[in-house]
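Please read the structure below before turning to the comments.
Reminder, nothing fancy here: chain letters follow the sequence lines and each chain counts from 1. Computed from a predicted structure; not experimentally measured.
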Amino acid sequence: MEHIVEVKSLKTHFQTGEGVVKAVDDVSFSVKKGQTVCVVGESGCGKSVTALSLMRLISSPGEIVGGEVYFEGRDVLTLPEKEMRTLRGNEIAMIFQEPMSSLNPVFTIGEQLIETIIEHQLVTKKQAYEKSLELIKKVGIPRGESIMKSYPHELSGGMLQRIMIAIALSNNPTLLIADEPTTALDVTIQAQILDLLGQVKEEFGTSILMITHDLGVVAEMADYVVVMYAGKVIEEAPVKELFKNPKHPYTKGLLKSKPIMGRRQHTLYSIPGQVPNLADLEESCYFSDRCESCMDICRVRMPQLREEADKHHVSCWLYEEVVAQ
Amino acid sequence: SGSNDTTSEKPSETKDITKISDVVHKAEDKTKIPEAAKKRKDTFVAAISKPGGVFLPHFNQNGWDGNVYSVMFNALVKTDETGKQVPGLAEKWEVSEDNLTYTFHLRKGLKFSDGSPLTAEDVAFTITLLHDPAYAGFTDITRAYIKGRDEYKKGDATSISGIKVIDPETIEIQTEKVSVETLELIGGSVLSKAYYGKDYKKGNLEYLKELYAKPLGSGPYKLEEYIPGQEVRFTANEHYYEGKPKIERFIYKVTSGDTKLQLFQTGETDYDGFTANAETLEELKKLGFANINLYTGSAYSYLDINHKRSYLKDKNVRQALIYGLNRQQLVDAVLQGYGTVANVPISPVSWAYTDEVNQYKYDVEKAKSLLEESGWKVGSDGIREKDGQKLKLMYLAPNSGGTNDIFIPLAKENYKELGIELVPELLDFNAQLAKMKKGDYDLASVSTPMIGDPNDAVGGFHSKSPANDAGYANEKVDKLIEESVSVLDIEKRKVIYKDLYKELGEDPAVILLYYRKILNAHNARIQGFEPSAFTGILSSLPKLQIE
Amino acid sequence: MSEPLLEVKNLKKYFPIKEGIFKRTTSHVKAVDDVSFTIGKGEAFGLVGESGSGKTTTGQTILRLTEKTEGEVWYKGQNLHDLSKEELRKLRPSMQLVFQDPYSSLNPRMRVGEAIGEALLEHKLATKEDVRDKVLEVMELCGLAPYHIDRYPHEFSGGQRQRIGIARAMALQPDFLVADEPVAALDVSIQAQIINLFSELKEKRGLSYLFISHDLSVVEHLCTKIGIMYLGSLVELAPRDELFANPLHPYTKALLSAVPIPDPTVKRERIILKGDIPSPANPPSGCRFHTRCPYATARCEEEVPAFRDLGQERYVACHIV
Amino acid sequence: MVTIVETKKEKMQKLQAIQTFSPWKSAFRSLRKNKFAMAGLIFLAFMFIFCFIGPFFSPYASGATNVAKMHQPPSSTHWLGTDQLGRDVLTRLMLAGRISLTVGLVSMVLSIFLGTVLGAIAGYYRGIVDSIIMRLADILMSIPGLPLLIILGAILAEWKISPDYRIYVVMLMLSVIGWPGLARLVRGQILGLREKDFMQAAEVLGLRDRRKIFHHLIPNVVPILIVVATLSVGGAILTESVLSYLGLGVIPPTPSWGNMMTAANSLMDFERRPWLWIPPGTAIFLTVISINMVGDGLRDVLDPKGKR
Amino acid sequence: MKQFVVRRFLQMIPTLFGVSIIIFFLFALVPGDFLDSNLKLTPERAAELRALYGLDKPIIERYFTWLGGVLKGDFGYSLQYQESVTSLLGKYIWNSFILAIVTLVLTWTIALVIGIVTATKQYSWFDGVVTLFVFVAMAFPSFFFALLMIKVFSVDFAWLPIGGMTDTGSTATGFAYFLDVAEHMILPVLVLTLLGVGSLTRYFRTSMIDVVHQNFIRTARAKGLKERTVIYKHALKNAILPAITLLSFELPGLFAGAIIAEKIFSWPGVGSMYLGALEFRDYPVLMGFTMFLAILTILSNFLADILYAVADPRIRLK
Ligand SMILES: Nc1ncnc2c1ncn2[C@@H]1O[C@H](COP(=O)(O)OP(=O)(O)OP(=O)(O)O)[C@@H](O)[C@H]1O
Ligand SMILES: Nc1ncnc2c1ncn2[C@@H]1O[C@H](COP(=O)(O)OP(=O)(O)OP(=O)(O)O)[C@@H](O)[C@H]1O
Ligand SMILES: [Mg+2]
Ligand SMILES: [Mg+2]
């Protein structure tokens with residue numbers, strides 16, 4: 001299996017009044033053809049920014065300050081804007097996290113769908129319209145025709161999210177970046193969407209980079225999981241391995257926090273403390289503040305991401321031999 | 001005149017200010033005439049400001065329409081370069097011994113521009129029309145005191161008894177009161193009875209409105225087309241009594257003050273008047289193709305005094321206001337020297353002009369002592385006061401005209417030195433006049449229109465004159481004014497005016513400022529030009545030629 | 001059951017559908033169509049349902065953010081839809097809302113601290129001096145760090161914004177909270193923290209909730225009574241344990257079966273709903289669910305099932321139950 | 001865990017120092033960090049010093065005329081030359097600035113205030129309030145300025161208001177009748193903004209209308225207000241000269257930038273005496289620019305996203 | 001919506017009445033009347049004329065006389081031009097109208113393009129130059145630009161006519177006439193455009209800056225749309241909404257604002273006629289023209305409101 005996307009030491013920083021927010025700091029991972037990679041992590045840890053960086057859609061005051069992102073062998077970050085454009089929406093499509101503000105309020109849903117199709121495919125308006133109707137139906141929204149004529153503010157959150165999905169799927173992308181695509185959807189529709197994504201993956205060999213909080217979804221969809229914390233990848237492994245054998249204390253905490261149907265507890269477990277301020281990080285393991293098995297070294301040095309078991313990478317001093325000494 | 005060879009370069013130093021017209025400069029290089037002008041072989045273009053489209057004598061509401069209609073209509077009596085009344089359509093006229101009956105003899109074979117004859121009937125019709133109760137124009141014919149006027153105007157009479165058509169070329173008009181205005185009023189432009197009187201019914205002049213834009217007259221040119229806001233076009237009238245003008249077409253072109261010079265420079269206009277000052281003159285000279293005329297106009301400027309104010313009733317204060325105002329400096333600064341200090345209320349171009357009056361040379365000390373004499377003492381703030389009242393004068397000035405910027409600071413400074421505070425108040429012209437009528441002012445800036453008869457300028461000083469809003473009262477002046485209008489002989493009147501002006505010098509009714517120079521220029525390709533302070537281009541228009 | 005705090009009676013909200021240049025109303029989207037339920041003091045009522053089924057609209061109409069079409073909402077003995085603007089305003093702090101979309105519900109030009117603190121000042125729940133402390137306190141409670149206080153909404157990640165929305169509502173110490181998918185955008189750890197917070201407040205302060213969500217595992221955890229909505233109406237209403245143990249309505253069954261299990265090794269058998277999803281503008285005749293119901297009969301196509309009281313606080317609208 | 005608590009406390013203390021929530025106050029705080037805005041402010045301050053204190057250092061401050069020295073080009077004695085009455089242009093420029101700056105700023109502030117408040121109220125309440133305010137605006141917008149000003153001039157002259165103060169009265173009245181344009185602009189924006197979710201959020205919080213309008217809606221129309229503000233400062237300075245012309249503004253010999261410029265209104269002055277119009281023009285230009293810089297800075301500061 | 005339009009339209013009627021009353025009484029308040037400006041009139045004659053013109057009647061009566069006429073479509077009779085106001089305005093208004101329309105189209109096109117470019121390239125050198133230029137245009141009164149252009153283009157280079165609407169004595173018709181007028185229009189239009197474009201550019205720039213930071217612009221980019229489409233379609237439509245309001249006072253403003261340009265360029269427009277009417281207190285003309293402007297203003301505000309509602313789907317009309 002070849003790599004569709006290879007992210008190498010990506011760094012995206014924001015210049016703010018408080019200082020430089022290192023939203024993504026030295027992140028590397030890759031997605032193989034036809035694979036689904038899920039990115040999980042505490043909210044605010046840089047997942048969306050990573051996704052946006054792949055699309056080169058970071059706008060001021062943010063800036064990609066380093067690293068490479070190879071898409072099918074080409075470095076996306078140095079591509080001329082024109083070529084980049086042919087990739088966006090076509091080869092790489094993205095579903096944004098906040099659907100309500102992500103659609104243009106003064107154009108109808110139909111116009112926004114059709115234009116995406118026409119931009120990248122040689123079709124007539126009529127054909128594009130047909131295709132759009134089909135897409136709307138595919139994502140499970142009834143009364144396609146009148147939806148095409150509605151404006152974004154007339155639809156519910158879930159419907160908008162599905163419209164975003166429809167737009168992203170409209171050109172059968174090679175890579176689909178989905179930033180929490182199902183958060184606003186109820187489980188039956190979520191199931192339907194997940195099925196749809198599975199289908200697309202099957203049919204077109206699409207790779208999916210999915211950002212989600214729902215570990216259930218991860219379990220269902222992912223082939224491979226990347227766990228991020230404070231702008232860094234702290235653990236990555238194939239899905240089964242990760243669920244079976246989480247290594248990083250943060251990952252463990254996450255899995256423990258998830259409420260599971262039928263297994264009610266009085267209080268849910270939650271990781272104590274806060275994500276550190278990304279604008280003022282000191283040399284240490286960023287999780288050390290909250291870690292239950294924190295050691296002295298954790299407070300002064302940052303562990304490296306290294307392969308621990310087969311394809312299982314983790315960045316934690318607990319697994320470094322050095323510490324043992 | 002155009003044949004005057006002396007080219008005086010320094011107009012402000014011209015000693016003899018009575019000189020009417022001095023050609024300052026003749027074109028030096030006719031090759032510089034712009035192409036645009038050369039192309040117009042048979043057309044003369046003169047500039048005009050804002051014609052309004054009422055091209056009918058006695059009915060026009062603005063002066064520019066007057067300029068337009070006077071190209072197309074003739075009056076019985078014309079005004080010459082000195083403001084004297086000379087024969088127009090009337091070859092001659094007689095005034096009876098008692099100065100009450102006027103008999104006009106028309107020229108032979110007069111015709112309107114459509115070829116129809118112009119007779120005494122037309123004259124009678126015109127004068128009758130002006131007496132119509134519905135007549136709403138500005139010609140106040142009642143001041144000619146024609147016999148039977150009231151019976152016609154207010155009563156049922158079908159004609160005016162004082163107007164008698166003797167024969168087609170003779171008309172006699174009887175009046176009831178001697179007045180110097182009479183001749184001008186009854187000797188005005190003549191309208192065709194056949195054309196304008198066709199539908200005439202006493203008390204209804206509505207039908208005339210249709211004809212405002214379709215004038216028919218006997219003047220040198222007839223209307224070809226009027227394009228509102230742009231041009232009035234004329235063609236030569238073959239029936240004109242002095243012969244068809246040599247230039248076939250004549251155009252009045254609407255220009256704006258800001259670009260007059262440029263329009264003339266590029267040959268868009270052949271003739272225009274300009275603000276007289278050294279720079280404009282210099283620019284015009286540089287053109288090379290301009291014949292430039294500079295002469296004193298018939299108008300003058302003054303400061304009106306509100307005599308109803310107790311402190312201004314005092315002759316000393318008024319005299320001090322004149323002595324203390326450096327009028328020569330004003331001429332130098334406001335007019336850049338292109339004018340003369342005025343001491344009599346009539347322009348040097350008029351027959352009535354005299355300089356044998358008090359010259360009121362700038363004299364601060366004299367002014368101060370006059371004020372002291374009247375009890376105005378300098379207060380702690382440098383302003384004079386008397387009986388607890390400060391000598392603060394409210395000065396009204398119209399916001400248009402553009403000289404306020406220069407005039408006000410200078411006058412303020414002058415008066416401050418005397419211990420008088422001048423408080424300027426700028427208003428729109430009409431508002432200023434309204435305020436003056438109400439008497440709510442001390443001094444007010446006024447420029448007269450063109451003055452024909454000297455009485456136009458002084459009539460309002462009569463204490464009984466309805467126009468005397470300012471409240472000036474001087475018995476001697478009253479008497480002299482009455483005298484001056486009851487004789488028609490110019491020589492006799494000259495003497496009366498001399499006395500009158502003297503008296504007005506002693507007991508000033510207004511603060512006279514200056515006579516302005518008039519500057520105009522015409523393209524050298526136009527020949528035969530003799531511009532006049534009283535008639536503008538009109539008197540030379542029929543005689544012009546294009547080179 | 002404790003005394004009712006909120007009583008919703010036959011609530012309806014129709015949105016007009018407008019067409020043509022003159023935007024004439026041609027038909028209506030029946031976003032909420034005859035919904036009734038009660039929430040007791042200290043009770044958390046879970047509202048679950050398909051997206052677009054009218055959950056948000058129900059929540060907003062209850063709080064009178066949009067005017068109802070029909071029905072009554074009794075809160076603390078007052079019909080909210082009869083109150084004057086000022087009376088309603090005074091009542092506002094006690095009933096709060098957490099918006100579904102956190103980003104658009106935050107004023108982009110207002111710093112987080114002010115967004116949370118302004119209402120405290122407005123209702124005199126804090127003074128100028130201590131408002132900042134109170135804000136920091138509630139921020140901490142909702143998992144926000146103190147340094148966030150002077151930031152603008154766009155500088156946050158989606159989950160952080162959601163927490164701002166929660167903090168804003170919580171700061172007023174309401175008695176009743178409509179939480180519209182409050183944890184959907186949160187990572188599980190924070191999610192747990194928030195849910196713990198919610199249940200703690202419920203127990204300690206008797207805070208009541210209308211908790212809108214489609215994450216049944218969360219709902220199960222927090223809510224004691226659950227309503228299932230489909231196409232604008234409630235199809236089932238039951239106490240938590242009964243519902244999870246014994247779902248009656250076919251839609252509820254499908255929902256429960258579709259909840260993903262966070263274990264990649266387990267593959268569950270889902271009830272797949274076939275058929276077209278109907279439109280709320282033009283709902284199917286009879287039982288609205290019949291087009292997708294695996295057990296639908298001819299009767300379901302014709303007759304609208306009544307929302308029957310089965311006793312023990314269980315209600316269901318289905319012919320075959 | 002202990003350490004966490006400590007650092008948190010430290011941070012809290014650090015934050016306590018800043019005890020305010022007003023978007024306006026915090027904006028002004030950050031304004032100080034904005035280079036553009038500061039440059040603009042410093043420049044404005046400089047202008048004020050130049051105009052209000054400068055004349056004390058000029059030997060020509062009395063404004064005395066000297067006809068003999070009229071129209072002199074810039075020289076070492078008259079740095080910016082002399083005008084048509086031989087007065088020092090530089091000194092007049094400074095004196096003129098006193099009037100022009102005050103008039104420009106005061107009328108800007110006034111009209112912005114009125115326009116914004118009325119527009120916001122109309123847009124926020126809609127319905128009958130909107131109809132009344134907007135129809136009133138229609139009426140005011142339909143009344144041509146010129147006759148109104150002439151009437152004003154006459155009335156003020158009637159009331160014997162000293163010409164020195166008249167300009168301020170007039171500016172006030174101009175703002176009073178000049179609000180409709182801005183009000184319509186603001187209303188238009190508010191109409192869109194009030195439908196946004198964050199306004200629903202404000203409703204849920206039970207905020208008073210006043211707070212909703214001033215703290216939620218108006219900060220969102222600030223960009224347009226800044227444009228209007230910049231435009232209206234320049235506009236007011238130039239309008240003043242038109243007013244002077246109608247006897248409503250300052251009356252000669254008092255100078256203002258506007259009337260210094262209109263005094264040089266012929267092609268002749270244009271070509272031959274640039275020192276008469278370039279200085280006042282430049283002064284207006286620089287004032288407008290610096291107001292705009294402050295405005296842009298303010299916008300950047302209030303606009304969380306536009307930060308550089 | 002229909003209801004809104006109808007109601008809004010009906011509201012225009014009382015507004016217009018209000019305007020007419022205010023304007024009428026304002027004009028009556030203006031000191032001086034038509035006859036005051038004539039220095040040569042004797043007071044008796046002036047009184048006689050005042051009666052003939054109906055200026056001696058009480059103001060209320062005059063208003064109703066005027067209103068009665070207007071309701072019959074008769075706007076009265078100009079004192080100064082001795083012509084019915086409608087036909088008089090008819091003669092001049094079209095000249096002003098073409099000037100206004102051409103200027104309007106030009107201003108908007110230029111301002112849109114510049115506004116967008118400066119917004120998307122905020123703080124670039126182009127932005128800087130344009131900004132500087134806009135402020136220069138703001139700092140100098142219109143007559144300066146008019147004079148400057150006349151000097152450069154008409155006198156020095158002699159490319160364009162100095163003023164007027166056609167060549168002196170021109171008898172051109174048809175296309176030749178059109179060309180003639182077009183040539184004369186260039187300078188006045190240029191000056192008016194210069195004056196209007198500055199502020200409009202600022203407005204567009206500001207709205208654009210606001211819009212390009214929105215999330216949906218990011219979405220549009222993510223869809224791979226051309227930058228041109230993103231800006232000129234997605235951003236522009238949002239940015240132009242606030243400008244619709246501007247459009248409503250632009251047109252009436254142009255009529256009123258062109259006065260100076262019309263004067264300097266001797267353009268036979270309604271502006272200079274209006275000034276003259278004001279100077280001479282020609283009330284019927286003043287009332288006529290002012291009412292024309294009022295109707296124009298109110299009508300454009302009405303249209304703007306409707307346009308706004310149609311263009312922005314989020315606005316709910318009640
Ligand atoms: N425009 C910005 N200015 C400053 N900081 C920013 C900006 N955008 C994002 N950040 C910061 O970058 C960090 C990463 O944000 P990101 O949106 O990638 O988080 P996330 O992992 O997607 O979280 P969530 O799951 O909540 O969506 C956050 O801490 C956020 O505060
Ligand atoms: N302003 C509106 N105008 C017209 N229709 C609307 C409007 N708001 C909501 N709707 C419609 O009402 C229905 C219910 O919407 P609502 O937002 O309440 O759904 P929801 O249950 O909250 O869905 P989700 O879980 O996706 O948020 C939808 O069909 C939606 O299209
Ligand atoms: Mg995110
Ligand atoms: Mg919802």
**Study point:** CA sep, side-chain torsions, deciding dist, call: E:Ile22, D:Ile139, side-chain contact (heavy atoms from CB on, under 4.5 Å)
**Key:** CA-CA 8 Å; E:Ile22 293 182; D:Ile139 292 179; 3.5 Å; yes

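Using non-hydrogen atoms only and a strict 4.5 Å limit, the part of residues 13-21 of chain E facing chain D consists of E:Thr15, E:Gly18, E:Val19.
Side-chain contact check for E:Arg202 versus D:Ile224: every heavy-atom pair is 4.5 Å or farther apart.
Residues passing the salt bridge (Lys or Arg N to Asp or Glu O under 4.0 Å) test with E:Asp282: none are found, sequence neighbours excluded. Listed by chain and residue number, E:Arg205 satisfy the salt bridge (Lys or Arg N to Asp or Glu O under 4.0 Å) test with E:Asp127 (two or more places apart in sequence, or in another chain).
Separation of atoms CG (D:Leu286) and CZ (E:Phe135) is listed at 11.5 Å; rounding is to 0.5 Å. For the atom pair CG (E:Leu296) and CE (D:Met141), the distance works out to 10.5 Å, reported to the nearest 0.5 Å.
Of the atoms belonging to E:Leu147, heavy atoms from both backbone and side chain fall under 4.5 Å from chain D. Interface remark: E:Leu148 contributes backbone and side-chain atoms alike to the contact with chain D (heavy atom separation under 4.5 Å). Both the backbone and the side chain of D:Val228 come within less than 4.5 Å of a heavy atom in chain E. For E:Phe144, the parts lying under 4.5 angstrom from a heavy atom of chain D are both the backbone and the side chain. When heavy atoms are compared at a cutoff of 4.5 Å, D:Trp257 does not approach chain E at all.
For the side-chain hydrogen bond (donor to acceptor under 3.5 Å, both in side chains) condition, the pairs that include at least one residue of residues 128-140 of chain D, sequence neighbours left out, are D:Asp130-D:Arg187, D:Ser131-E:Gln11, D:Arg135-D:Asp138, D:Arg135-E:Gln11, D:Asp138-E:Asn301.
Atom CG of E:Leu10 has more than 12 heavy atoms from other residues, nucleotides or ligands within 6.0 Å. The environment of OH in E:Tyr63 is crowded: more than 12 heavy-atom neighbours from other residues, nucleotides or ligands sit within 6.0 Å.
Counting all heavy atoms, side chain and backbone alike, D:Phe285 lies closest to E:Leu132 at CE1-O, 3.6 Å.
Put simply, of E:Val134, E:Thr206, E:Ile150, the one with the most heavy-atom pairs under 4.5 Å next to chain D is E:Thr206. If you tally non-hydrogen atom pairs under 4.5 Å between each of D:Ala137, D:Gly281, D:Pro180 and chain E, the highest count goes to D:Gly281. Between chain E and the residues D:Leu136, D:Thr287, D:Ile284, D:Val233, the most heavy-atom pairs under 4.5 angstrom are made by D:Ile284.
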